[in-house]
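The structure appears right after this line, and notes come after that.
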Amino acid sequence: TLPVVKVRAAAEATSKETYQAVTTTVGKGVQSLRDIPQSVTVITERLMDDKNLDTLKGALHSVPGIAFEAGGRGDR
């Protein structure tokens with residue numbers, strides 16, 4: 001027989017002190033990100049503070065799949 005294994009865990013931090021987001025309010029109410037069936041990129045407040053981002057466009061530059069036209073003719 002195998003010995004007894006005791007497992008202890010702490011709750012995940014959900015404040016602005018972490019880089020990882022675990023819930024979202026997109027859609028109907030609060031949902032866990034692992035329950036959403038598509039790819040989600042979360043930009044947390046701490047990440048924005050660390051990179052000194054103060055605009056939405058600045059924050060979106062670090063998201064894969066979003067491109068900005070160089071000629072200034074608009075965004076895609």
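Residue numbers run from 1 in the order of the sequence given. Nothing here was measured: the structure is a model prediction, and the numbers come from that model.
- Between the CG atom in Asp49 and the OG1 atom in Thr44 there is a gap of 8.5 Å [rounded to 0.5 Å].
- Annotation: the span from Met48 atom CE to Thr55 atom OG1 amounts to 7.5 Å, rounded to 0.5 Å.
- Annotation: ring-ring contact (aromatic ring centres under 6.0 Å, His included) contacts involving residues 40-63, sequence neighbours excluded, comprise His61-Phe68.
- Side-chain heavy-atom separations under 4.5 angstrom define the hydrophobic clusters, and the remaining members of the one that includes Val7 are Val5.
- The CD1 atom of Ile43 sits 8.0 Å away from atom CG of Leu56, with the distance rounded to the nearest 0.5 Å.
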